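Worth saying up front: this structure is predicted, and the values here are computed from it rather than measured. Note: hydrogens, waters and symmetry copies are ignored here, and every other heavy atom, side chains too, is used.
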Amino acid sequence: MTPEEQKIYDSMRAAAHSFHSASVLLQDGTNILAKEVLKRGIDIRSSFISSALLYALSAEISLKTLAKRECVRIERLHDLKSLFNILPTEIRNRIQQDIEGYDECFDTLLEANKSTFVEWRYFYEKDNLSVNLDFLRKFSSAVNNECNKVEF
């Protein structure tokens, strides 16, 4: 990898980590402060939407970062399942093993949450959206962890 490619890779990895960390802070902070926030009449649903978007964006950037490392070219793809499936098997296996509690239903949940970023950023245009925030958080974390393991 050239120094310029390394710089891009490192920037992508840092951005993904930043979005994941912001979502964790938002989700956990909202949960901790929920009573106080509700007393003030603040609608906490926006933090749920924001967390879902940030976890999905973080996972997407991390998957693209890993694809870049593996020299796989990706053009404007936002589908988490497709991005995950283009990675080599050993990387996919490490990511999947890093996610606790979803061994049996990993593929089903990845399929169900694959378009979270695209769908939830326009949540007001859709009916009956769903997301498994716990799975998305763990998936984002696992993919971020895998990015940080990769050394050149």
Side-chain angles (χ1 to χ4, degrees), residues 1-34 44-123 125-126 129-152:
M1 187 172 276
T2 68
E4 183 61 31
E5 290 171 327
Q6 180 70 49
K7 184 178 176 182
I8 292 169
Y9 181 88
D10 290 341
S11 294
M12 290 173 71
R13 184 168 53 175
H17 178 74
S18 176
F19 288 126
H20 179 80
S21 296
S23 191
V24 168
L25 181 62
L26 179 63
Q27 182 186 12
D28 291 353
T30 300
N31 290 339
I32 291 167
L33 300 173
I44 62 172
R45 290 176 295 181
S46 61
S47 68
F48 179 85
I49 294 166
S50 298
S51 288
L53 284 167
L54 290 172
Y55 285 136
L57 180 58
S58 172
E60 179 183 326
I61 294 171
S62 292
L63 290 166
K64 288 178 177 179
T65 302
L66 291 169
K68 183 172 190 57
R69 167 64 177 90
E70 298 300 315
C71 301
V72 176
R73 191 164 184 232
I74 301 168
E75 302 267 345
R76 297 191 184 252
L77 183 59
H78 301 291
D79 181 312
L80 297 179
K81 186 174 182 178
S82 295
L83 289 166
F84 180 76
N85 286 334
I86 64 170
L87 297 175
T89 303
E90 66 184 53
I91 293 174
R92 291 194 319 261
N93 289 341
R94 284 195 304 263
I95 291 169
Q96 197 166 346
Q97 289 170 358
D98 197 23
I99 301 173
E100 293 180 17
Y102 293 107
D103 297 337
E104 304 276 326
C105 56
F106 176 85
D107 291 329
T108 302
L109 285 168
L110 187 55
E111 175 67 30
N113 292 279
K114 69 182 182 180
S115 299
T116 299
F117 181 70
V118 172
E119 291 175 354
W120 280 83
R121 66 184 175 174
Y122 301 115
F123 69 93
E125 295 178 351
K126 306 224 176 19
L129 286 176
S130 65
V131 65
N132 184 316
L133 200 59
D134 184 63
F135 172 78
L136 207 51
R137 178 179 179 155
K138 289 178 179 179
F139 182 71
S140 173
S141 180
V143 180
N144 267 267
N145 290 342
E146 184 63 29
C147 282
N148 291 327
K149 290 178 192 173
V150 176
E151 295 296 328
F152 303 102

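In terms of modelled atom types and a separation under 3.5 Å, the side chain of E5 and the main chain of T2 share a donor-acceptor contact.
Every residue was checked against the side-chain hydrogen bond (donor to acceptor under 3.5 Å, both in side chains) condition with Q96, not counting sequence neighbours, and none meets it. For S23, there are no side-chain hydrogen bond (donor to acceptor under 3.5 Å, both in side chains) partners at least two apart in sequence or on another chain.
How far CD1 of I74 is from CG of L63: 8.0 Å, rounded to the nearest 0.5 Å. Note that CZ of F139 is 5.0 Å distant from CG of L110, once rounded to the nearest 0.5 Å. Rounding to the nearest 0.5 angstrom, the gap separating the CD atom in Q27 from the CG atom in L136 is 9.5 Å.
Look at E111 and K114 and you find a salt bridge, because one of the NZ, NE, NH1 or NH2 atoms lies within 4.0 Å of a carboxylate O, short of that distance. A salt bridge is defined here as a Lys NZ or Arg NE, NH1 or NH2 lying under 4.0 Å from an Asp or Glu carboxylate O, and D134 with K138 meets this definition. Checked for salt-bridge contact, D28 and R137 meet the test: a charged N lies under 4.0 Å from a carboxylate O.
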ask   = Run the side-chain contact (heavy atoms from CB on, under 4.5 Å) check on T108 and Y102 step by step: do they pass?
value = CA-CA 10 Å; T108 302; Y102 293 107; over 6 Å; no

task = Start with the C-alpha distance between D10 and Q6, add both sets of side-chain angles, then the distance that settles side chain to side chain donor-acceptor pair (under 3.5 Å), and finish with yes or no.
result = CA-CA 6 Å; D10 290 341; Q6 180 70 49; 2.8 Å; yes

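In this structure, L87 and I95 have side chains that are in contact, with non-hydrogen atoms separated by less than 4.5 Å. In this structure the side chain of S62 never reaches within 4.5 angstrom of the side chain of E146, judged on heavy atoms. The side-chain heavy atoms of I61 and L57, taken from C-beta on, include a pair separated by under 4.5 Å. In this structure, Y9 and L66 have side chains that are in contact, with non-hydrogen atoms separated by less than 4.5 Å.
Between W120 and F48, the angle of the ring planes goes over 60°, which puts this pair in the perpendicular group of the 30/60° scheme. Using cut-offs of 30° and 60° on the angle between ring planes, the pair Y55 and H20 is tilted. Using cut-offs of 30° and 60° on the angle between ring planes, the pair F117 and H78 is tilted.
Evaluation of the salt bridge (charged side-chain N to carboxylate O under 4.0 Å, His left out) test over residues 54-67, restricted to residues two or more places apart or in two chains, returns E60-K64.
Under the 3.5 Å distance criterion, with hydrogens and angles disregarded, a donor-acceptor pair is assigned to the side chains of S58 and N144. Judged purely by distance below 3.5 Å, without hydrogens or angles, the side chains of N113 and N132 never pair a donor atom with an acceptor atom.
In terms of heavy-atom proximity, S50 sits nearest to L26 at CB-CD2, 3.3 Å. Here the closest non-hydrogen pair linking V131 and A52 is CG1-CB, 4.3 Å. Of all heavy-atom pairs between N148 and R13, the closest is OD1-CD, 3.3 Å. Annotation for L80 and A56: closest pair CD2-O, 3.9 Å, computed over non-hydrogen atoms. The two residues A142 and D98 have their closest heavy-atom pair at CA-OD2, 3.3 Å. In this structure, F106 and F135 approach most closely via the heavy-atom pair CD1-CE1, 3.7 Å.
By the 6.0 Å contact criterion, CD on E104 is open, its count of non-hydrogen atoms from other residues, nucleotides or ligands being 12 or less.
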